[in-house]
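Worksheet: one structure, shown below.
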Amino acid sequence: MAQALQLAQRGLYTTTPNPRVGCVIVRDGAVVGEGWHERAGAPHAEIHALAAAGDRARGATAYVTLEPCHHHGRTPPCDEALIAAGVARVVAAMRDPDPRTAGLGLERIIQAGVVTASGVLEHEAREVNIGFVSRLTRGRPWVRMKIAASLDGKTALLNGKSRWITGEAARTDGHHWRARACAVLTGIGTVRDDDPQLTVRAVDTPRQPRRVVVDSRLETPLTARILAGGGVLIACAVEDKTKIGQLQNQGAEVIVMPNGAGKVELPALMQELGRREINELHVEAGCKLNGSLINEGCVDELLLYFAPCLIGERARGMAELPELADLGDRRGLKISETRMVGSDLRILARLEAR
């Protein structure tokens with residue numbers, strides 16, 4: 001199963017909106033076939049592994065990182081393919097949260113007289129597909145917020161200048177995280193201050209994540225680099241037909257979803273992105289939008305890069321959050337990983353449920 005999980009990782013940048021899945025077929029203690037899901041619409045991991053195994057699949061054990069699918073989609077169901085190949089045993093790391101399968105794949109295999117097991121390296125399998133699981137169970141993507149800061153928690157000078165706080169290695173590492181996401185989200189403040197492209201450039205990737213801008217008053221300049229190439233989704237809070245038309249002429253899609261304060265309804269935006277099959281959402285925004293996303297319960301994980309430097313108090317922080325009167329009200333984090341990336345410290349931390 002560990003080998004199957006390594007295979008699943010090969011689809012890290014390519015399978016969206018489908019899950020990343022690997023499969024290894026073993027007979028008489030030897031691997032006779034392996035495969036992984038490469039992209040949506042292409043054969044699933046089990047089909048590749050069965051093709052590699054050929055007749056040797058009969059009587060073998062198939063280790064797969066996700067329950068074999070039961071439904072007809074762009075490809076036939078994998079449970080039937082495994083049965084037809086004559087495998088004797090199927091071991092799944094986890095059940096499929098997709099209601100079209102959700103236990104039905106393993107049930108069909110059991111009905112055919114094949115021995116099954118599940119739950120082997122389940123935690124690791126969920127981590128590989130954390131966004132897919134989030135979308136299928138919560139209706140919204142897994143939201144990972146990337147922040148580059150000094151050791152005293154400053155992300156930019158008061159004048160907005162932030163290039164570059166962290167080193168080149170950390171910036172390249174950040175592009176890996178961008179590449180695995182289905183979409184990258186930022187705010188109008190970052191668009192104005194930095195004029196970013198928010199594309200993946202530092203690593204090879206066969207696709208670019210969709211770009212999303214939170215722009216309550218439709219202030220995105222028509223010359224903004226983020227509009228280049230079209231396909232940008234802009235979430236706003238005003239029904240300004242003139243501005244909407246101008247942005248649409250630049251290839252952008254505009255959706256209007258105001259909250260009671262005249263800002264974008266962020267939880268509703270997360271649900272809309274889930275409806276659009278966004279599994280993982282990568283956030284690179286300023287302290288105001290960062291604070292709003294955290295405060296409104298839209299963030300699952302922080303990807304933090306701390307540079308070995310101090311900037312001082314009069315600078316922009318990581319997130320604007322409400323003032324606390326009691327330390328008991330602070331937001332708890334669970335640190336899942338720390339690592340040096342070049343000269344910078346990378347921390348992965350998940351927000352604890354409130």
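Just the heavy atoms: all of them, side chains too, but no hydrogens, waters or symmetry mates, feed the values below.
Counting non-hydrogen atoms of neighbouring residues, nucleotides and ligands closer than 6.0 angstrom, the CG atom of D55 reaches no more than 12 such neighbours. Annotation: R225, atom CZ; neighbour count of heavy atoms from other residues, nucleotides and ligands within 6.0 Å is above 12. Annotation: E168, atom CD; neighbour count of heavy atoms from other residues, nucleotides and ligands within 6.0 Å does not exceed 12.
Between the side chain of R135 and the main chain of P17, a donor-acceptor pair closer than 3.5 Å is present. Not one N or O on the side chain of D194 forms a donor-acceptor pair closer than 3.5 Å with the backbone of P196. A donor-acceptor pair under 3.5 Å is formed between the side chain of T101 and the backbone N or O of H70. Under a 3.5 Å cut-off, the side chain of T14 and the backbone N or O of R39 do not form any donor-acceptor pair. Checking side-chain atoms of R192 against main-chain N and O of G189 turns up no donor-acceptor pair under 3.5 Å. Side chain of T137 to main chain of V133: a donor-acceptor pair is present (N/O by atom type, distance under 3.5 Å, no hydrogens or angles). Counting only distance, with no hydrogens or angles, the side chain of H37 and the backbone of P43 share a donor-acceptor pair below 3.5 Å. The backbone N or O of G245 lies less than 3.5 Å from a partner atom in the side chain of N249, making a donor-acceptor pair. Using modelled atom types, no side-chain atom of E320 and backbone atom of K288 make a donor-acceptor pair closer than 3.5 Å. Listed for the T65 side chain is no donor-acceptor partner under 3.5 Å among the backbone atoms of A125.
Ring geometry for H176 versus Y13: interplanar angle of 30 to 60°, hence tilted.
A cation-pi geometry, defined here as NZ or CZ lying under 6.0 Å from the six-membered ring centre and within 45° of its normal, does not hold between R20 and W36.
Using a 4.0 Å cut-off between charged nitrogen and carboxylate oxygen, E122 and R95 do not count as a salt-bridge pair. Between R339 and D173 no salt bridge is recorded (no basic side-chain N to carboxylate O distance below 4.0 Å). Using a 4.0 Å cut-off between charged nitrogen and carboxylate oxygen, E337 and R346 count as a salt-bridge pair. Salt bridge annotation for E352-R331: absent, with no cationic side-chain nitrogen under 4.0 angstrom from a carboxylate oxygen. Between D152 and K154 there is no salt bridge, since no side-chain nitrogen of the basic residue lies less than 4.0 Å from a carboxylate oxygen of the acidic one. Ionic pairing of E272 and R275 is present here: one or more N-O contacts between side-chain nitrogen and carboxylate oxygen are shorter than 4.0 angstrom. Ion pairing between E253 and R210 holds under the 4.0 Å rule for side-chain N and carboxylate O. Salt-bridge formation is detected for the pair D193/R316: a Lys NZ or Arg NE/NH1/NH2 atom is positioned less than 4.0 Å from an Asp or Glu carboxylate oxygen.
Under the 3.5 Å distance criterion, with hydrogens and angles disregarded, a donor-acceptor pair is assigned to the side chains of D215 and T220. A donor-acceptor contact under 3.5 angstrom links the side chains of Q3 and E34, judged on distance only.
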Set out, in order, the CA-CA distance, both residues' side-chain angles and the distance that settles side-chain contact (heavy atoms from CB on, under 4.5 Å) for F306 and I347, then state yes or no. CA-CA 8 Å; F306 286 107; I347 297 177; 4.0 Å; yes
Could you walk me through whether Q208 and R201 satisfy the side-chain contact (heavy atoms from CB on, under 4.5 Å) test, starting with their C-alpha distance in whole Å, then the side-chain angles of each, then the deciding distance to 0.1 Å, before giving a yes or no? CA-CA 9 Å; Q208 289 289 340; R201 300 180 301 280; 5.7 Å; no
Could you walk me through whether Q9 and R180 pass side-chain contact (heavy atoms from CB on, under 4.5 Å), step by step? CA-CA 10 Å; Q9 291 276 5; R180 68 174 284 169; 5.6 Å; no
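Criterion: ILVMFWY side-chain heavy atoms under 4.5 Å apart, direct or through other members. Under it, I335 and V299 are part of a common hydrophobic cluster.
Atom SG in C69 sits 5.0 Å away from atom NE2 in H44 (nearest 0.5 Å). From R171, atom CZ reaches atom CZ of R163 across 9.5 Å, with rounding to the nearest 0.5 Å.
Remark: of the listed residues L302, L281, L273, L281 is the sole one forming a side chain to side chain contact (heavy atoms under 4.5 Å, CB included) with V143. Among K334, R350, K146, E280, the one residue that satisfies the side chain to side chain contact (heavy atoms under 4.5 Å, CB included) test with E301 is R350.
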